[in-house]
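Inspection log for the structure reproduced underneath, given as structure tokens.
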Protein chains: 2
Amino acid sequence: MLRIGAFASLNKVSVKTLRYYDEVGLLKPAHIDEQTGYRYYSASQLPLLHRILMLRDFGFTLQQIGTLVAGEQADRIIVAMLEQRAREIEEAIRAEQDQLSRIRALTHGIRSGFARTAGALEVLVKEVPALRVLSLRDTLPDYDQQGRLWEELIGYVQLHGVPVGAAIALYGEAEGGDGGDPSASGVAIEVALPLAPEDPVPPDGGGGRIRVRTLAAVREMACVIQRGGQAEMTQAYAALQDWMERGGRVPSGPGREVHHVGFKDTLDVSEHVTEIQIPISVREVPADATERSH
Amino acid sequence: MLRIGAFASLNKVSVKTLRYYDEVGLLKPAHIDEQTGYRYYSASQLPLLHRILMLRDFGFTLQQIGTLVAGEQADRIIVAMLEQRAREIEEAIRAEQDQLSRIRALTHGIRSGFARTAGALEVLVKEVPALRVLSLRDTLPDYDQQGRLWEELIGYVQLHGVPVGAAIALYGEAEGGDGGDPSASGVAIEVALPLAPEDPVPPDGGGGRIRVRTLAAVREMACVIQRGGQAEMTQAYAALQDWMERGGRVPSGPGREVHHVGFKDTLDVSEHVTEIQIPISVREVPADATERSH
DNA sequence: TGTTGACTCTCCTCCGACGGGAGGGATTAT
DNA sequence: ATAATCCCTCCCGTCGGAGGAGAGTCAACA
């Protein structure tokens, strides 16, 4: 019979740990003195402790270890548990490698000078939910003309007075919609205002140009938030582009600009806060791309 | 000014999280209503929140994030922190790959039948400290003859009545010692009994055959604990051998057998508890081995 | 004007696997 | 007898929030 300190030193565990394992019922001492409360362990408990420590080393929780060492049919499930745990570790390794690549992309961005001026410090991958919006789409000669679209849309909502929330602009090919004329020269631009999910649909307006639709949810959206006007935005786009290339990501849909603080809030451009959102996916190998294009 | 719920939904964080960040001083609301206690956030705080979430996503603690977003000279240290964090993640990945290889070694051991009978479920890598022992070394024709050494050593200690603790046998080449004759046919065996660190050295005994020495500490010791007698031990050795090969480990010193419960405690062999300890190192590439052999 | 219903507040407990320490009894060696 | 060591129980802290209780606030609707 060994006292707790001697038993602990045999396997380089702490006395606290043994007391805790007693408390949670994982490893009860062979005997406890009723007068003094002293715990006495037997050397024949060493194999059990050994097994517990090994499973702990594998990363199992003490609860899992409890089922693995106590159950009568533990032998039957231990292989399954080990394989499950192996999959978990593989998943964790993948996640950490991903983390690492994001960190490296950022450090490179800072070194090459994109970062502090262009807000690359705030590239964040997040999920965005679907969003019901009132939208107006058109193809214009260049980006700077979108003010006309905004005036048209805002004029319409002021007539009916419904929406709230940040203004959103979408650029590039239509996202499941049919507005605009892709064959026309110029750029496709869609301006949108969020609608509450259960708001009644306002009457058809603007000669059918203004529609209610739902922006698709995006599972992985690369986002940069930027203060300031057009010059800063251009830099932010450059930084985001660099970030995507460096991390092996490609855009998987039309980009968005969310104007959290925009002209409707203040005319001072330096106060504006704009979020650039680009849906991304991991770059696929050519073989995969070929599969798709056929 | 946004209420907490609106601000939270902009970035898919929970209200609880924002309240917690307020509490720890990481992100204070732009305004708090003194009457009601309501927190109001400004859209211009979005870049800060964004940065915080990105750093959280990188795995920094909130405390680290606090220094990175609050400090005046945060720009100067952020690159260093990122590189430090990258090293930490690399280290974590290495550790997890190691875990994975140990798990795979064990699942293979179970599948190939070593495990349940041979105690392979208890292979554990641990550190063992240096140990002062009273030791007797000799070269004998085979392992079964070691009983003679034990009798000689135990007879000696009963005369002087000092040591306590588990009996230890060491097999193979001398570990810094000079006992035995390596050129003789047979196997080198050392039997030892632990001595308290400050025990006085007993007088020279057994015609100089019994010495006091210190077993070296071992940083990585592969251990199996086994109940039973010689048949079980042989299987345990086989399992341990298989485990080492599978995990790319090679022995880096003489193996030990620690008799936690042995003949001195009970004659019933099935009650015996023996720990096999083999110092290991990761298998080296030939280049490294060549370096050493010169 | 009252009444919902959604939102928000503070305060409390809980999670895992122990570590640190206070305050007090037990054992062992001098 | 005394000192040193060991052991006990009990309580608090870790990290980043989640969950819930009980109460107050806000906006819209009848």
Side-chain angles (χ1 to χ4, degrees), chain A residues 1-41 49 52-67 69 85 88 161-162 164-165 196-200, chain B residues 1-41 49 52-67 69 85 88 92 161-162 164 196-200:
Chain A
M1 285 304 196
L2 303 156
R3 290 197 307 190
I4 195 169
F7 192 65
S9 67
L10 280 182
N11 272 291
K12 300 296 286 178
V13 293
S14 74
V15 169
K16 284 277 188 185
T17 299
L18 287 179
R19 279 202 276 253
Y20 183 63
Y21 289 174
D22 178 14
E23 184 190 335
V24 300
L26 193 53
L27 178 62
K28 295 278 186 198
H31 170 70
I32 296 186
D33 186 306
E34 295 182 3
Q35 257 73 50
T36 68
Y38 273 36
R39 294 171 179 81
Y40 291 94
Y41 293 84
L49 175 59
I52 290 169
L53 295 181
M54 186 199 61
L55 293 171
R56 182 182 73 167
D57 183 50
F58 287 171
F60 288 105
T61 67
L62 293 192
Q63 204 169 23
Q64 291 172 317
I65 295 174
T67 73
V69 300
R85 178 74 194 129
E88 285 172 19
V162 268
V164 292
E198 288 314 321
D199 266 356
Chain B
M1 285 304 198
L2 303 157
R3 290 199 306 193
I4 195 168
F7 192 65
S9 67
L10 281 183
N11 272 291
K12 303 293 285 176
V13 294
S14 75
V15 169
K16 285 278 190 187
T17 299
L18 286 179
R19 279 203 274 254
Y20 183 62
Y21 289 175
D22 178 13
E23 184 191 336
V24 300
L26 194 53
L27 178 62
K28 295 278 185 196
H31 171 70
I32 297 184
D33 187 306
E34 294 183 4
Q35 257 74 50
T36 68
Y38 273 35
R39 294 171 180 82
Y40 291 93
Y41 293 84
L49 175 58
I52 290 169
L53 294 180
M54 185 199 63
L55 292 171
R56 183 183 72 168
D57 183 51
F58 286 171
F60 288 104
T61 68
L62 294 192
Q63 204 168 25
Q64 291 173 317
I65 294 173
T67 73
V69 299
R85 178 73 193 131
E88 285 173 20
V162 268
V164 289
E198 290 314 321
D199 264 356

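Every heavy atom of this structure was used, including side-chain atoms; hydrogens, water molecules and symmetry mates were not. Because the structure is predicted, anything quoted here is derived from the model rather than measured. Numbered from 1 within each chain, the chains take letters A, B, ... in sequence-line order.
Within residues 55-65 of chain B, the residues that place at least one heavy atom under 4.0 Å from DNA chain D are, in residue-number order, B:Arg56, B:Thr61, B:Leu62. Near DNA chain D, defined here as any heavy-atom distance below 4.0 Å, the residues from residues 12-20 of chain B are B:Ser14, B:Lys16, B:Thr17, B:Tyr20, listed numerically.
From B:Ile52, atom CD1 reaches atom CZ of B:Phe60 across 13.5 Å, with rounding to the nearest 0.5 Å. Between the OG1 atom of B:Thr67 and the CG atom of B:Leu62 there is a distance of 11.5 Å, given to the nearest 0.5 Å.
Across all their heavy atoms, B:Met1 and B:Ala30 have their closest contact at CE-CB, 4.0 Å. Nearest approach of B:Tyr40 to B:Pro29, heavy atoms of both residues: O-CB, 3.5 Å. Nearest heavy atom pair, residue A:Gly5 against residue A:Val15, reads CA-CG2, 4.1 Å. Heavy-atom minimum distance, B:Phe58 versus B:Arg85: O-NE, 2.9 Å. Heavy-atom minimum distance, A:Leu26 versus A:Gly66: CD1-CA, 3.5 Å. Across every non-hydrogen atom of B:Phe7 and B:Leu27, the tightest pair is CE2-CD2, 4.2 Å.
D:dG16 atom C1' lies 13 Å from atom CG of B:Leu53, rounded to whole Å. C:dC18 atom P lies 10 Å from atom CG of A:Leu26, rounded to whole Å. Rounding to whole angstrom units, CD1 of residue A:Ile4 and P of C:dC18 are separated by 13 Å. One interatomic measurement links the two molecules: CD1 of A:Ile52 to C1' of C:dA17, which rounds to 14 Å at whole-angstrom precision. The CD-C1' distance, from A:Glu34 to D:dC8, rounds to 15 Å in whole Å. For A:Gln35 and C:dT27, the CD to C1' distance is 15 Å, given to the nearest whole Å. For the pair A:Ile32 CD1 and D:dC7 C1', the interatomic distance rounds to 13 Å; values are reported in whole Å. Note: CD (A:Glu23) to P (D:dC7) measures 18 Å, nearest angstrom.
Using a distance-only test at 3.5 Å, with no hydrogens or angles considered, a donor-acceptor pair links the side chain of B:Asp33 to the main chain of B:Gln35. Side chain of B:Arg39 to main chain of B:His31: no donor-acceptor pair is present (N/O by atom type, distance under 3.5 Å, no hydrogens or angles).
Residue B:Tyr40 places no side-chain N or O under 4.0 Å from the OP1 or OP2 atom of C:dT8. Put simply, A:Arg39 has no side-chain N or O that comes within less than 4.0 Å of OP1 or OP2 on C:dA26.
For the helix from C:dT1-D:dA30 to C:dT30-D:dA1, the angle separating the two terminal helix axes comes to 30°, with each axis derived from five pairs and the value rounded to 10°.
Residues B:Arg56 and B:Ile65 are in side-chain contact: their nearest non-hydrogen atoms beyond the backbone lie under 4.5 Å apart.
Residue B:Ala6 is the one, among A:Arg3 and B:Ala6, whose nearest nucleotide of DNA chain C lies closer to the 5' end (criterion: closest heavy atom).
With hydrogens and angles ignored, a donor-acceptor pair closer than 3.5 Å exists between the side chain of B:Tyr38 and the base of D:dG24.
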(request) Could you walk me through whether A:Leu49 and A:Leu18 pass the side-chain contact (heavy atoms from CB on, under 4.5 Å) test, one step at a time? (result) CA-CA 9 Å; A:Leu49 175 59; A:Leu18 287 179; 4.3 Å; yes
